[in-house]
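As structure tokens, the structure follows; a few thoughts come after it.
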Amino acid sequence: MALSEDRPINDRARELLEEHRDSIYRRTDHMFAWLMLFQWIAGIGIALWVSPYSWAGRTQYIHPHIWSALVVGGLICSLPILLARYYPGKAITRQTIAVGQALASALLIHLMGGRIEAHFHIFGSLAFLAFYRDWKVLVTASIVVAVDHLVRGLLWPESLYGISLFGWHRSLEHVGWIVFEDVFLIYSTWISCREMTVIANRRAEMEKMQAEVEREVTERTREIELQRLVLQESHERLERQTIELRKAIESSEGANRAKSAFLANMSHEIRTPLTAILGFADVLLETGDIYKAPVERIDAIETIRRNGSHLISLINDLLDFSKIEAGKFQVENLPCSLHRLIADIRQLMQVRAEEKKLNINVEYSGPIPEMILTDPTRLRQILMNLLSNAIKFTHEGNVNMNVGLVGKAPNRRIQIDVTDTGIGISEEMRGKLFQPFTQADGSMSRRFGGTGLGLTISKRFAELLGGDLTILETSHTGTTFRLTIDPGPLHNVTFQEPETTYSAPDLEKSKPSDTKNALRELKILLVEDGPDNQRLISFLLKKAGAEVDMAENGELGYQKATAASESGSPFDVILMDMQMPIMDGYTASTKLRADGYNGPIIALTAHAMAEDRNRCIEAGCTDYTTKPVDRAKLIELIRFHAEAASV
């Protein structure tokens, strides 16, 4: 039985030693069985060779030695051979073999007539018996030999020594030599047994180490298998979470797409009627002698314009916020004159500030770069939002802007502080100020209006421009917002001192020139499905001197444009609404370009998302503008492309 973890090592060593001894005993038993059989046959042969016959006068008969070799030798060998065959390894077998081997030696001496050479067989027998590594069999065999020598030396000395003279000293001498050999053989046996014991102990120790190693391997294998199962479970759980996350992302993206589509459609549906509302409000203000109209009528028209503009602003905020939340908002990096931009904004917002008898002051803390690399549209949007809020919440005092360049390369930033003398912001709302749809409280929204998206969008824009928008300080006497942006690389950039900064031109002087006759002699095709917008835009174009033809959908627009080109009198410009029944503007533009039409096509659409412009250009449009219509911008755009096409 192999050594177990709890079994004492000495027990296993003893067991291994017994197994080894048993193996030696069995092997030696078998060896002696064959040896004794051989000795029996050899004894008969010797008897036949030495004394085959005896003579008694004239009678010849077989010598008794032959019968002794045959009968006595057979009796001596039979029992040990049978025991070695059926009981190998037993103590009785070993002892019987020892006695038999000693008797076989005695018989051989007798058969050889007591010759001294025959006595050496005894030493060989003892040496063979030492193969058992059992000192007891040596003692047994030695006792038998000693008794044999003493008895036969006394009673029948000629059978032992070849002479009839008895001598104690001769028998004792033989016994002494046997004892002398036994000493060495027993010592050798003791040494062998000790080595067997050492080997058994080492093997037991190795088995114990092997058992410990196997136990350790089994435990490690079990731990590895357990870890594998844990990893497999984690992997499966991770896969499930990945699938769920992917579904959630797809669902979120679907929701974002649905939200963006909803906002885009809402923008389109609101911008389309606003085009007519704001456009006809402008027409009312410019038609006839407006100065003779009642003040209430003029106030009503201005109210329509003001609320319409506010509604457009809200829609723009919602669209911007939607794009930011969807992660699709991208900023441009264009060269921008910071002095000019700030002067323009100050000039523009000063009009609103003067309505509340406020003044906007701009201060520069040191020179600033003449040109920076940023997105001027978004920077303008941030600053206008900050100034608009400052003016909105300030009843008296000033609004101050402090502009400077801070930090060290390569972490230099443009820093703009906007400070008002308004009502301030409570500590409770300070942490929520940049969260969407958040205002100081409900009363603020009712008193001052707004959706609460302006600061949220401005902060996101500031982060996209490489900076941040924070509230620096606030109290009941005013609030300061700090805007920082990345000015881009400033190598080889000229810095301007405050006194050399750009002065914005007077608004009155910068007003666009009179649009009357700006489009004279131009032939324009207006493709528009809305009757109100048809009347408004055609009125504006005709008032600017253009000849206007109209089509109610893209199919009719395509046919009219193709017919005009084939007749040799193509339109100078096509204004193409993109969302129409029967055939939309995208399809019509694509078909015209596919037919080789190379005249300018300007998309005029209520879709105001950034990707809408790209979609129009990809459809074949030359340029893009949105509704509600900016009359001056639209006329300038038409004139620019008409002149470019005629070159």
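All heavy atoms count here, side chains included; hydrogens, waters and symmetry mates do not. Residue numbers start at 1 and run along the sequence shown.
Heavy-atom contacts from other residues, nucleotides or ligands closer than 6.0 Å to CD of Glu552 number 12 or fewer. Annotation for Glu236: atom CD counts as buried by contact number, over 12 foreign heavy atoms lying within 6.0 Å.
Qualifying ring-ring contact (aromatic ring centres under 6.0 Å, His included) partners for Phe481, counting only residues two or more places apart in sequence or in other chains: none. Listed by chain and number, the residues in a side-chain contact (heavy atoms from CB on, under 4.5 Å) with Thr590 are Ala619 (sequence neighbours excluded). Ser252 is linked by a side-chain contact (heavy atoms from CB on, under 4.5 Å) to Asn256, counting only residues two or more places apart in sequence or in another chain. Evaluation of the side-chain contact (heavy atoms from CB on, under 4.5 Å) rule for Asn398 yields Asn359, Asn361, Asn400 as partners, not counting sequence neighbours. Shown here are the salt bridge (Lys or Arg N to Asp or Glu O under 4.0 Å) partners of Asp572, two or more places apart in sequence or in another chain: there are none. For Met349, the side-chain contact (heavy atoms from CB on, under 4.5 Å) partners two or more places apart in sequence, or in a different chain, are Ile345, Arg352, Ile360, Met384, Leu387, Ser388, Ile391.
Taken to the nearest 0.5 Å, the CD1 atom of Ile574 stands 3.5 Å off from the OH atom of Tyr597.
Side-chain contact between Leu541 and Ile638 is present, with heavy atoms from C-beta onward closer than 4.5 Å. Taking 4.5 Å as the limit, every side-chain heavy atom of Leu338 sits out of range of all side-chain heavy atoms of Met371. Between Leu373 and Leu334 there is no side-chain heavy-atom pair separated by less than 4.5 Å. Inter-residue side-chain proximity for Ile601 and Val573 is flagged as unmet; no heavy-atom pair is nearer than 4.5 Å. Residues Ile304 and Leu284 form no side-chain contact, since every pair of their non-hydrogen atoms from C-beta on lies 4.5 Å or further apart. Between Leu536 and Phe280 the shortest side-chain heavy-atom distance falls below 4.5 Å. At least one side-chain heavy atom of Cys616 sits under 4.5 Å from a side-chain heavy atom of Met578. In this structure, Ile416 and Leu386 have side chains that are not in contact, with every pair of non-hydrogen atoms separated by 4.5 Å or more.
Thr374 places no side-chain N or O within donor-acceptor distance of the main-chain N or O of Pro376, the cut-off being under 3.5 Å.
By the 4.0 Å N-to-carboxylate-O rule, Arg482 lies too far from Asp468 to be salt-bridged with it. Using a cutoff of 4.0 Å between basic side-chain nitrogens and carboxylate oxygens, Lys523 and Asp549 are not scored as salt-bridged. Here Arg631 does not pair with Glu636 in a salt bridge; the nearest charged N to carboxylate O distance is not below 4.0 Å.
Partner of Asp344 under the side chain to side chain contact (heavy atoms under 4.5 Å, CB included) criterion, out of Gln347, Arg340, Arg346: Arg340 alone.
Judged purely by distance below 3.5 Å, without hydrogens or angles, the side chains of Tyr558 and Asp595 pair a donor atom with an acceptor atom.
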